[in-house]
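Both counts, for ligands and for their atoms, begin at 1 and track the order of listing.
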Amino acid sequence: MTKFETLGLDKPLLDAISDLGFETPSEVQEKSIPILLEKETDLVALAQTGTGKTAAFGFPMIQKIQSESRTTQGLILSPTRELCLQITNELKLYSKYIKGLNTVAIYGGASITEQARQIKRGAQIVVATPGRMKDMIGRGMVDISKIDYCVLDEADEMLNMGFFEDIKDILSNTPDEKFTWLFSATMPKEVASIAKKFMHKPVEITVGTKNAGASTVQHEYYQVGGRDRYPALKRLADANPGIFSVVFCRTKRDTQRVAEKLIEDGYNAGALHGDLSQNQRDLVMNAFRKKQVQMLVATDVAARGIDVDDITHVINYQLPDEIETYTHRSGRTGRAGKSGISMVIVTRSETRKIKAIEKKIQQNFISKKIPTGIEICEIQLYHLANRIKETEVNTEIDNYLPAINDVLDGLDREELIKKIVSVEFTRFYNYYSKTRDLNSSEGDRDRGERSDRGSKGGDAPSNGSVRYFINVGERDGYDWMSLKDFLRDTLNLEKEDIFNVDTKDSFSFFNSDAQHTEFILQTFTEFKVKGRFINVEVSKDPGGARKGKKRDRKRGHRKGGDGGYRKGGDSKSFRGGKKGGSGRRGGKKRPGFY
Ligand code: AMP
């Protein structure tokens with residue numbers, strides 16, 4: 001395995017890397033760092049966000065820059081304020097052992113005079129958004145006429161946002177003999193033309209597949225009637241109690257409207273769009289980062305450069321006009337080797353767009369059904385039971401216990417459990433039990449052939465398939481991919497035999513053909529992994545209570561699990577020592593119940 005020590009980096013950088021806990025270089029780092037250190041060259045790197053590209057250009061730039069000179073030698077252009085600040089922070093961490101090296105961020109929405117003051121004090125590296133950079137050049141507040149290195153980060157996003165002219169202007173203020181390193185997730189025509197126009201024989205490196213969406217993302221679409229978009233969105237959220245998501249709308253108005261409705265309906269939602277002040281945007285982004293906002297409703301432009309890890313779902317409330325934009329949206333999840341789900345809510349007439357996107361991303365979509373009310377009840381019920389189990393006991397209650405015991409006197413354990421669960425569940429059940437099916441009747445008309453086969457997760461339950469409940473989920477380190485792998489390995493079945501794997505917080509569902517039922521249940525009888533009982537039961541399709549009460553009782557020992565069982569849902573991640581998580585907010589009431 002390659003080590004950072006072999007890439008040609010100096011000690012101050014290696015020490016900083018070790019402080020950061022990075023153990024091994026990511027692919028983009030391994031490919032670009034030695035080239036950039038050894039050669040003076042232009043570079044085009046195709047790499048998704050979250051692959052570690054900041055360090056891929058940051059380490060070489062820091063090493064090559066003369067920290068004794070106060071001249072600005074490196075310029076990094078990035079599409080958003082968010083990203084700009086993030087790159088600056090990362091570079092500061094990387095250069096912490098290099099005396100005198102100063103990195104300054106310049107971006108819109110903050111005091112220009114303060115930024116100019118910081119530049120004046122001496123900034124060898126400037127990280128900037130194109131708009132503010134152009135503004136400051138125009139006012140003579142920054143001098144980039146002597147830079148040696150220029151990074152165009154997320155070039156495709158900068159061009160998507162209409163920064164082409166600004167970038168051209170900015171580059172015309174830089175010397176011809178500088179070196180340009182361009183990083184982009186995709187290579188649309190516009191980016192290729194920038195590379196051609198401003199770069200000389202760039203070395204090209206590609207991480208993963210060119211122009212493809214991140215392969216760790218599962219793409220799903222849900223077909224509903226035009227008026228059912230909003231109720232469908234709510235159901236998708238309710239069926240995923242641990243959701244931490246970005247919901248994309250096409251216009252600022254829709255974004256605001258959907259966010260307001262969600263908040264009204266009691267969800268932890270927030271809006272992010274261009275009509276908000278910078279202050280309002282900061283507030284919502286901070287809340288999102290702290291996971292106080294679980295559903296960030298955003299326009300494409302406002303969401304550019306959102307660099308929040310652990311986003312579990314991207315929901316396309318409406319599809320974007322440009323296919324390219326879909327790649328940017330779905331790239332917000334499934335970062336740094338983690339898995340993610342990109343959901344699209346479509347009406348029948350929009351399903352043809354799905355085909356065009358599939359072609360572009362070279363991945364198939366899975367046609368899924370909006371969960372029925374009863375199915376959601378089932379999910380929420382298990383989730384609730386788990387929350388009760390996980391709740392930390394508040395010792396303040398102790399003083400009141402004798403009195404509470406008096407009140408509850410005469411109730412046996414089973415009755416008590418039923419009542420505790422009902423306190424919350426009944427409200428939820430009352431809301432959902434009488435709701436109709438939201439799936440548009442035409443369903444998968446011309447797409448039936450996609451069912452189950454050839455897709456990673458599988459399709460909605462097909463005839464002859466059985467849906468199962470399994471008592472492990474994301475909390476145990478699983479995502480849909482690793483759980484599918486685990487089931488396939490354990491059961492020794494083929495790839496297509498396990499499908500429609502839906503991981504929840506502490507439990508999951510999956511499907512398999514009816515012919516395997518006996519075998520599956522048999523295999524998971526008294527089945528233990530590292531001392532923990534793994535329990536599989538048939539889940540009534542599509543809703544209703546779980547069958548197999550007897551089995552349940554027999555396995556009252558489930559609670560005997562040691563809880564220490566972890567499987568590498570996160571193992572593909574290159575983030576040394578950083579633990580992934582799904583942004584669950586277990587204790588939060590999902591007020592969609594009302
Ligand atoms: P980036 O793609 O540059 O936005 O990086 C994504 C995240 O991965 C950042 O939080 C980095 O701090 C982290 N990271 C970058 N390189 C490594 C590495 N080699 N090992 C572990 N984490 C890393």
State, without any angle test, whether [X] and [Y] hold a side-chain donor-acceptor pair at a distance under 3.5 Å.
X	Y	value
Thr54	Glu90	no
Gln29	Glu27	no
Asp254	Gln318	yes
Thr174	Lys178	yes

Ligand-side contact atoms (ligand 1) for residue partner [X], heavy atom cut-off under 4.0 Å:
X	answer
Thr54	1 (P), 3 (O), 4 (O)
Glu90	9 (C), 10 (O), 11 (C), 12 (O)
Ser26	19 (N)
Gly52	1 (P), 2 (O), 3 (O), 5 (O), 15 (C)

Close approach of Thr24 to ligand 1, heavy atoms, under 4.0 angstrom: yes
cation_pi(Lys11, Tyr97) dist<6.0 Å, angle<=45: no
Part of Phe183 within contact of ligand 1 (heavy atoms, under 4.0 Å): neither
Heteroatom distance test (Glu23, ligand 1): nitrogen or oxygen, under 3.5 angstrom: no
Asp169/Lys134 ion pair, N-O < 4.0 Å: yes
